[in-house]
Amino acid sequence: MRSLRALVRPPASPVPDASPQPQQRSIRWHYLALFALAAAAIVVLAYEAPLTYDEAYNRLVYGNLGVTKILETYNAPNNHLPFTVLQSWIPNRLLRWDPWTIRIVGVAFGIAMVAELIGVAAARRSTPLLGLFIVAGSPILVTYLFVARGYTFSAVLFGVAAALPVLLARRDPVLGACLGGAVLAFATWPVPTNGFIAPGWIVAVLAIWGFRAAIVGTAVYATALTIMFAPVASQVRAQSKVHWNTPQRWWTWVGDLLAASSLLSVCLIFVGVLAIAAFVLQHRARPAAGFHALGASAQLAVIAFAMSGSWFVLIGAGHVFGLELPFVRSAVPALWVGVLAVVAGFPKGRLEVVAVALLVPGLILGGLMWTRAISDGDWARVSQTSRNDVLDGTTPATIRNLSSIHADRLVCSGYDSYVCDLVAPSLVSSGVTSVGVANEPVSTMGCAIGSHKPAQPFQVLVYRQSKQLGVLCH
């Protein structure tokens with residue numbers, strides 16, 4: 001116990017410098033450099049990674065409906081209502097120029113999420129490597145930093161909802177809870193299962209700032225959420241009864257979650273346990289003072305941890321009583337809030353260095369995985385650790401290669417039909433005059449290009465009636 005306490009205890013402060021400005025400036029540039037590097041990586045991945053079914057489906061089915069109609073339509077969970085509205089503002093002429101611009105909004109919120117983590121670390125003057133290393137080894141978290149879906153949109157707003165009561169605590173805790181409750185509702189809006197995060201926020205506000213703040217925050221949250229979901233309330237109830245996911249045992253779901261959330265799940269869990277133990281040891285001396293006596297970063301850690309834990313606890317409890325387990329990707333906002341809790345609450349000192357070191361292998365393996373996917377165009381390794389229809393397939397890579405080949409016709413598998421429809425207008429300059437969908441089932445990632453249809457199965461076929469084009473994809 002003494003050795004652990006010694007690790008938790010931060011190193012002795014150095015003798016104050018008479019002119020600390022240069023040191024502060026160097027620290028500031030350190031954070032900015034890491035942020036710039038992370039943002040650049042997100043942009044590169046967004047441009048290189050294949051377009052996905054969900055991205056194309058969301059834009060074609062909902063994104064062209066207009067704002068009012070978008071917010072009144074929930075015939076499938078694919079419509080992440082407020083995020084779809086933002087997506088709808090991307091001009092069609094921009095998509096015709098390059099279909100990959102559909103990810104502009106997703107990339108913006110991915111960069112904002114990284115900014116939140118680095119901003120919290122900068123405010124604490126702690127290392128941002130802890131949060132970045134956790135994310136770097138997590139296929140599902142990296143994927144949704146750039147994919148045009150609303151999960152990271154929600155994660156960013158959940159982070160803001162956690163921070164607002166903390167930032168306004170000295171001025172007016174009730175005002176902070178009021179604003180936090182409003183943002184919490186916006187964060188819940190895209191995906192109804194996000195609602196399982198809210199009880200953790202309410203309990204944390206109650207524990208830290210008292211009954212009045214919790215009641216006001218809850219009232220604002222409930223009112224805002226009722227107004228937001230009013231146009232689609234009956235559709236949401238109907239969709240909740242539809243089995244969108246194959247029923248599975250809870251241990252299978254947990255295994256999928258661990259595989260998706262981190263390449264080295266054991267290390268991630270160990271770091272989480274270290275964070276909780278170190279936090280308790282650091283603040284054990286003032287148990288009677290209550291959570292309100294904690295510092296700002298500690299309060300943020302408490303509320304973020306309660307929010308993240310709330311989602312997993314309630315999902316598990318609901319499953320015991322028959323609730324269908326959601327797709328693992330639905331856990332992305334809760335995972336992000338959990339990472340924020342670790343960054344905000346992990347005590348500075350030697351133990352922080354130990355935690356970072358534990359995550360280095362995950363960073364290395366994650367870097368190798370993403371680099372290899374970019375270099376050889378095979379994203380199956382990434383998709384198999386997150387979701388089998390994310391970043392999977394060769395159609396988008398084939399379409400991008402068509403810029404140098406003139407073809408008459410593009411025939412896609414049924415699974416890739418929405419992606420093909422999305423990019424069809426951009427293929428006009430390549431001579432593609434017809435885009436069709438194969439009637440036969442597709443069971444492999446193979447694809448072919450030639451003057452005649454190949455033997456089944458194939459995923460995508462590009463051909464001309466009069467000229468052999470040769471094999472282009474694998």
Side-chain angles (χ1 to χ4, degrees), residues 36 39-67 69-70 78-80 82-112 143-150 152-153 370 373-375 377 379 390-413 415-437 447 449 459-464 469 472-473:
I42 293 171
V43 172
V44 169
L45 287 172
Y47 181 73
E48 293 290 343
L51 296 176
T52 68
Y53 175 95
D54 283 344
E55 292 175 290
Y57 179 91
N58 188 64
R59 173 66 187 217
L60 294 175
V61 176
Y62 304 111
N64 295 320
L65 296 178
V67 174
K69 190 64 175 177
I70 289 172
N78 202 289
N79 186 11
H80 293 180
F83 185 82
T84 304
V85 170
L86 297 178
Q87 287 286 93
S88 71
W89 294 344
I90 301 175
N92 284 323
R93 63 179 179 274
L94 196 59
L95 296 178
R96 286 193 294 270
W97 172 68
D98 190 331
W100 270 257
T101 56
I102 195 175
R103 290 176 168 166
I104 289 175
V105 179
V107 167
F109 280 97
I111 292 175
T143 297
Y144 287 101
L145 282 173
F146 58 85
V147 167
R149 305 296 290 131
T152 305
F153 168 92
W370 290 99
I374 292 175
S375 62
W379 298 82
V390 171
L391 305 183
D392 201 356
T394 53
T395 301
T398 302
I399 291 169
R400 180 169 279 171
N401 289 335
L402 283 176
S403 60
S404 60
I405 293 181
H406 295 283
D408 296 323
R409 183 171 175 79
L410 172 66
V411 181
C412 303
S413 69
Y415 180 77
D416 290 316
S417 60
Y418 285 104
V419 174
C420 289
D421 289 342
L422 177 70
V423 303
S426 68
L427 296 178
V428 175
S429 60
S430 299
V432 176
T433 57
S434 177
V435 176
V437 178
C447 57
I449 292 180
Q459 183 168 21
V460 59
L461 170 70
V462 182
Y463 66 96
R464 296 186 71 173
L469 298 180
L472 178 64
C473 46

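Position 1 is the first residue of the sequence, and the numbers go up from there.
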Donor-acceptor under 3.5 Å (Trp100 side chain, Ala49 main chain): yes
Inter-residue atom distance Leu422.CG - Ile102.CD1, 0.5 Å rounding: 5.0 Å
Residues in side chain to side chain contact (heavy atoms under 4.5 Å, CB included) contact with Asn92, at least two apart in sequence or another chain: Arg59, Asn64, Leu95, Arg96
Full working for side chain to side chain contact (heavy atoms under 4.5 Å, CB included) between Thr152 and Val147: CA-CA 9 Å; Thr152 305; Val147 167; over 6 Å; no
Side-chain donor or acceptor of Asn79 paired with backbone N/O of Ile70 under 3.5 Å: yes
Atom pair CZ (Phe146) and CD (Glu48), whose distance is rounded to the nearest 0.5 Å: 10.5 Å
Any donor-acceptor pair under 3.5 Å from Glu55 side chain to Ala148 backbone: yes
From Tyr47 atom OH to Arg103 atom CZ, the distance as rounded to the nearest 0.5 Å: 11.5 Å
Shortest non-hydrogen contact between Pro82 and Phe153, atoms and distance: CG-CE2, 3.8 Å
CH2-OG distance between Trp370 and Ser375, expressed to the nearest 0.5 angstrom: 13.0 Å
Over all atoms of both residues, closest heavy-atom pair of Ser88 and Gly63: CB-O, 3.0 Å
Parallel, tilted or perpendicular: ring planes of Tyr53 versus Tyr418, cut at 30 and 60 degrees: perpendicular
Counterpart residues, side chain to side chain contact (heavy atoms under 4.5 Å, CB included), relative to Leu94 (two or more places apart): Ile90, Pro91, Trp97, Thr101, Ile104
Nearest-0.5 Å distance, CG of residue Leu145 to CD1 of residue Ile42: 4.5 Å
From CA spacing to verdict: side chain to side chain contact (heavy atoms under 4.5 Å, CB included), Leu51, Val423: CA-CA 10 Å; Leu51 296 176; Val423 303; 4.0 Å; yes
Single hit among Thr84, Thr52, Asn58 for side chain to side chain contact (heavy atoms under 4.5 Å, CB included) with Arg149: Asn58
Partner set under side chain to side chain contact (heavy atoms under 4.5 Å, CB included) for Ala373, not counting sequence neighbours: Trp379, Val382
